[in-house]
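One structure below.
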Amino acid sequence: MRTFWNYNHSLRILDQWQSGCWTQVTCPTQADEDYLTEELHIPDYFLDDIRDKDERARYDYDDGWQLIILRIPYVREVQSRTPHTTIPLGIIMKNDVCVTVCNYETNMMIDFVAYQQKRGAGFTDAVDFVFRLFLSSAVWYLKRLKQISTLIEEAKRNLEDRVIDNEDLISLSRLQDSLTYFITSIRGNETLLSKLKFKLPIDELDADLIEDVNIEIHQARETANIYSHILDSTMDTYASVINNNMSGVMKQMTSISIILMFPTLIASIFGMNLINGMETHVWGMPLVVIGSVVVTGLFYWIFRRRAWL
């Protein structure tokens, strides 16, 4: 899907491409890619790079084209092993051409457009547009991290409210994978931002904006690291609780086995085909049963007293 935006003074939709407009391409079809390569003459290999969901954040310069890949947060709507992940957003600039390409529809880009329309100031130039995308990505990383923090707090409450199982550990492992993606992508964006300071023409207003972006990215990186440490601690606690529960079960099973061993031993001794003086005694069988019950009860009382059972 192609959308053309005039971003001078405010953000307005255009019916067709105009010089200096922002061309937003979301979930590109073959027709969209043909338009970008044939009409705007964008390098086709870069579109292939954007299509790779694992493509790292980077900057390239090719025959006047400034090619930027920014990693942005993304939440999969369908059930997935890692619902919170990151995806590449391509930014392509040359003279009067400014294009963004993303193979997924994200809440970040929808919110970015809505916020800029509400802001009503537009962008001073393409460089200002790029750094505002960086700022929006950092803000959305913080939003997604808050959601992950809520899931971690819910997992902690489960430690007290119910018996935990392997599913709880699997859920925490998925959150750990998401945080790993976030930390790696945020660091990549941070490195990319440092490089763009020397690659793009920056004025005084851009320098102030870059400082704001630096603050937000740094906060996002530190927050992701903190949540990662908290999640590691939570997973260790989960594993310890599961091990303690298993140890308690094994202790009970062992105690029961030991207690049952004594009546089994008595029955085995008196059940042997040997002379023991009780073969013809009418009370032989009841005495053996009573003795087994007394010995079992005695050891049961001892185990309970020492909290072994």
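- Cluster annotation: Met93 is not connected to Phe46 through the hydrophobic network of ILVMFWY side chains, with a link wherever side-chain heavy atoms come within less than 4.5 Å.
- For Lys197, the NZ atom sits in a packed shell: over 12 heavy atoms of surrounding residues, nucleotides or ligands are nearer than 6.0 Å.
- The backbone N or O of Arg132 sits nowhere less than 3.5 Å from a side-chain atom of Ser136 that would complete a donor-acceptor pair.
- Side chain of Lys143 to main chain of Met108: no donor-acceptor pair is present (N/O by atom type, distance under 3.5 Å, no hydrogens or angles).
- Rounded to the nearest 0.5 angstrom, Arg144 CZ and Asn107 CG are separated by 5.0 Å.
- For the atom pair CG (Leu47) and CG (Leu36), the distance works out to 6.0 Å, reported to the nearest 0.5 Å.
- A side-chain donor-acceptor contact under 3.5 Å links Arg71 to the backbone of Thr86.
- Hydrophobic clustering (side-chain heavy atoms under 4.5 Å, transitive across Ile, Leu, Val, Met, Phe, Trp, Tyr) keeps Leu11 apart from Met1.
- The closest side-chain donor-acceptor pair between Ser228 and Gln176 falls under 3.5 angstrom.
- When the ring-ring contact (aromatic ring centres under 6.0 Å, His included) test is applied to Phe134, no partner is found at least two apart in sequence or on another chain.
- Separation of atoms NE2 (His229) and CG (Asp232) is listed at 7.5 Å; rounding is to 0.5 Å.
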Worksheet item: Is there a side chain to side chain contact (heavy atoms under 4.5 Å, CB included) between Met261 and Thr264 once you walk through the steps?
Response: CA-CA 5 Å; Met261 179 190 69; Thr264 303; 5.5 Å; no
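- Salt bridge Asp48/Arg51: present, at least one basic N to carboxylate O contact under 4.0 Å.
- Interatomic distance, CD1 of Ile202 versus CG of Leu209, reported as 9.5 Å (0.5 Å rounding).
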Worksheet item: Step by step, would you call Leu193 with Asn189 a side chain to side chain contact (heavy atoms under 4.5 Å, CB included)?
Response: CA-CA 6 Å; Leu193 179 64; Asn189 289 350; over 6 Å; no
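- Partners of Ser19 by side chain to side chain contact (heavy atoms under 4.5 Å, CB included), not counting sequence neighbours, listed by chain and number: Trp17, Asp96.
- One distance of note links OG1 of Thr180 with CG of Leu231; it measures 9.0 Å at 0.5 Å rounding.
- Crowding of Gln147 atom CD: a count of heavy atoms from other residues, nucleotides or ligands under 6.0 Å exceeding 12.
- Applying the side chain to side chain contact (heavy atoms under 4.5 Å, CB included) criterion to Pro28, with sequence neighbours excluded, gives Val25, Asp32, Glu33, Val101, Asn103.
- With a 4.5 Å cut-off on side-chain heavy atoms, Asp212 and Phe131 do not count as touching.
- Looking at heavy atoms from C-beta onward, Trp140 lies out of side-chain contact with Thr106 at the 4.5 angstrom threshold.
- When the side chains of ILVMFWY residues are joined at heavy-atom separations under 4.5 Å, either directly or via intervening members, Ile152 and Ile186 end up in a single hydrophobic cluster.
- Listed by chain and number, the residues in a side-chain hydrogen bond (donor to acceptor under 3.5 Å, both in side chains) with Glu190 are Arg221 (sequence neighbours excluded).
- The environment of OH in Tyr115 is sparse: at most 12 heavy-atom neighbours from other residues, nucleotides or ligands sit within 6.0 Å.
- Atom CG of Leu67 sits about 9.0 Å away from atom CG of Asp49, to the nearest 0.5 Å.
- Taking the ring-ring contact (aromatic ring centres under 6.0 Å, His included) definition, one finds that Phe129 meets it with Trp22, Phe123, sequence neighbours left out.
- In this view, Thr85 and Tyr74, Arg76, Tyr181 satisfy the side chain to side chain contact (heavy atoms under 4.5 Å, CB included) rule, not counting sequence neighbours.
- Ser185 contributes no side-chain N or O that, together with a main-chain N or O of Phe182, makes up a donor-acceptor pair within less than 3.5 Å.
- Under the 3.5 Å distance criterion, the side-chain polar atoms of Arg2 are left unmatched by any main-chain donor or acceptor of Gln16.
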